[in-house]
2 protein chains.
Amino acid sequence: MGVPLYQAKAELFKTLGHPARIRILELLSERDHAVHELLEKISIEPSNLSQQLGVLRRTQLVTSNRSGGAVVYSIAVPEVRDLLLAGRQILGQLAAQQSQLSAELAGAQESTAD
Amino acid sequence: MGVPLYQAKAELFKTLGHPARIRILELLSERDHAVHELLEKISIEPSNLSQQLGVLRRTQLVTSNRSGGAVVYSIAVPEVRDLLLAGRQILGQLAAQQSQLSAELAGAQESTAD
DNA sequence: ACATGACTTGCGAAACTCTTCATCTCAAGT
DNA sequence: ACTTGAGATGAAGAGTTTCGCAAGTCATGT
């Protein structure tokens, strides 16, 4: 099949590795959005938004269709929601470990308090 | 709280956006590995491996402890497995859509064939 | 036909990432 | 004390990404 699996996977994650692209996917996983709607909710230049949409389109994570004057984007692969959720989970876990660590540092002599 | 959530999320995904780092996490999610064990299974230069481990360590996804001569790495956040799994899922979905597309192109006049 | 709003595309400068090389630390063996 | 194997770290060059600007397309209203 050519491309090693782990490389394809790395590329998928790299695609998600940009704040604007994350926001786009989160908004689209709620409902379809026209570009100008995304533009209202994400504060970047139109051309920048368009570039990021292009990246997501090329990796087939989203699709676009023109509806009159506007171009409407949708999530192409529903499983993206799971991925975003798993990301949120990890971030939460990481934050929890951080605060546990600082609590331990603060009350260093306490034995697994309360 | 400073850093916007979507930015933290982007950074998390960016961390996973590298083939060597993906392989490391997949190996570690099976079991702990010493650096020289990882080195046998992933073919990159030792110093490169060390750099990638450094990246994972800095984002707190893995932890290391020295065991005599060797340094052993472990997954710090078990939820990483879910994230990798979700990635695999999406890749599968994407591949399925690709092959469905080419099938449709091949038998263009067939109506949702066989 | 022309203007307008909604997007997209090409381009270049700045910022960032990857990989390798040389150097360094740490622990165990002699 | 010296050597050796196992890793980490810093720095430099190549390569890739990102962002804003200017210019371009496409459909709708006048």
Side-chain angles (χ1 to χ4, degrees), chain A residues 3-4 6-25 27-28 31-76, chain B residues 3-4 6-25 27-28 31-76:
Chain A
V3 187
Y6 56 84
Q7 175 135 9
K9 214 177 291 183
E11 236 131 82
L12 171 62
F13 285 120
K14 207 184 293 179
T15 302
L16 300 216
H18 186 291
R21 294 197 292 263
I22 289 284
R23 296 207 75 191
I24 293 168
L25 289 174
L27 289 169
L28 291 185
R31 61 168 181 80
D32 294 1
H33 282 72
V35 176
H36 67 267
E37 293 177 312
L38 293 172
L39 206 47
E40 278 168 22
K41 304 191 180 178
I42 309 175
S43 26
I44 55 179
E45 301 268 311
S47 71
N48 193 353
L49 177 56
S50 212
Q51 309 253 27
Q52 307 310 335
L53 286 170
V55 173
L56 293 173
R57 226 169 38 225
R58 254 166 262 130
T59 57
Q60 323 261 66
L61 292 176
V62 306
T63 55
S64 64
N65 23 19
R66 172 154 239 139
S67 162
V71 176
V72 176
Y73 278 81
S74 343
I75 292 272
Chain B
V3 187
Y6 54 84
Q7 176 137 8
K9 213 178 290 181
E11 237 131 81
L12 171 62
F13 285 120
K14 211 184 291 181
T15 302
L16 301 216
H18 187 289
R21 295 198 291 264
I22 289 285
R23 297 208 74 190
I24 293 168
L25 289 174
L27 289 168
L28 291 185
R31 62 170 180 77
D32 293 1
H33 282 73
V35 176
H36 64 89
E37 293 177 313
L38 292 172
L39 206 46
E40 278 167 21
K41 303 191 180 178
I42 307 176
S43 25
I44 56 177
E45 302 266 313
S47 72
N48 194 352
L49 177 56
S50 212
Q51 302 267 16
Q52 307 311 334
L53 286 170
V55 173
L56 293 173
R57 224 169 41 227
R58 256 166 260 131
T59 57
Q60 324 261 65
L61 292 175
V62 307
T63 55
S64 64
N65 21 19
R66 172 153 240 138
S67 163
V71 176
V72 176
Y73 277 82
S74 342
I75 291 272

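In what follows, chains carry the letters A, B, and so on, assigned in the order in which the sequence lines appear, proteins first and then strands, with residues in each chain numbered from 1. This structure is a prediction, so every number in the text was calculated from the model and none was measured.
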### Message
Under the salt bridge (charged side-chain N to carboxylate O under 4.0 Å, His left out) definition, can you give me all pairs with a residue in residues 36-51 of chain A, not counting sequence neighbours?
### Response
Arg31(A)-Glu37(A)
### Message
Test: salt bridge (charged side-chain N to carboxylate O under 4.0 Å, His left out). Region: residues 56-70 of chain A. Which pairs qualify, not counting sequence neighbours?
### Response
none
### Message
Between the base of dT20(C) and the side chain of Gln51(B), is one N or O donor paired with an acceptor at under 3.5 angstrom?
### Response
yes
### Message
Is it the case that the base of dC21(C) and the side chain of Ser47(B) share a donor-acceptor contact (distance under 3.5 Å, atom types as modelled)?
### Response
yes
#### Entry: Contacting residues from residues 55-72 of chain B, given that a heavy atom lies under 4.0 angstrom of DNA chain D
Arg57(B), Ala70(B), Val71(B)
### Message
What residues from residues 9-22 of chain A pass a heavy-atom cutoff of under 4.0 Å to DNA chain D?
### Response
His18(A), Arg21(A)
So which heavy atom on [X] is nearest to which on [Y], and how close?
X	Y	answer
Gln7(B)	Pro19(A)	CA-CB, 4.4 Å
Leu38(A)	Leu49(A)	CB-CD2, 4.0 Å
Leu28(A)	Tyr73(A)	CD2-O, 3.4 Å
Val62(A)	Leu53(A)	CG2-O, 4.4 Å
His36(A)	Ala70(A)	CE1-CB, 4.1 Å
Ile42(A)	Ala20(A)	CD1-O, 4.4 Å

### Query
Between the main-chain N or O of Leu56(B) and the side-chain N or O of Arg21(B), is there a donor-acceptor pair closer than 3.5 Å?
no
### Message
Going by the rule salt bridge (charged side-chain N to carboxylate O under 4.0 Å, His left out), which residues pair with Lys9(B) if we only count those two or more places apart in sequence or in a different chain?
### Response
Glu26(A)
### Query
Out of curiosity, Ile24(B) CD1 to Leu27(B) CG, how far, rounded to the nearest 0.5 Å?
8.5 Å
Integer-rounded Å distance: [N] [atom2] and [X] [atom1]:
X	N	atom1	atom2	answer
Leu39(A)	dG5(C)	CG	C1'	12 Å
Tyr73(A)	dC7(C)	OH	P	9 Å
Glu45(A)	dG10(C)	CD	P	19 Å
Asn48(B)	dT17(C)	CG	P	15 Å

### Query
So does His36(A) get a side-chain nitrogen or oxygen closer than 4.0 Å to the phosphate oxygens (OP1/OP2) of dG5(C)?
no
### Query
Using a heavy-atom cut-off of 4.0 Å to chain A, what are the terminal contacting nucleotides of DNA chain D, in 5' to 3' order?
dT18(D) to dT28(D)
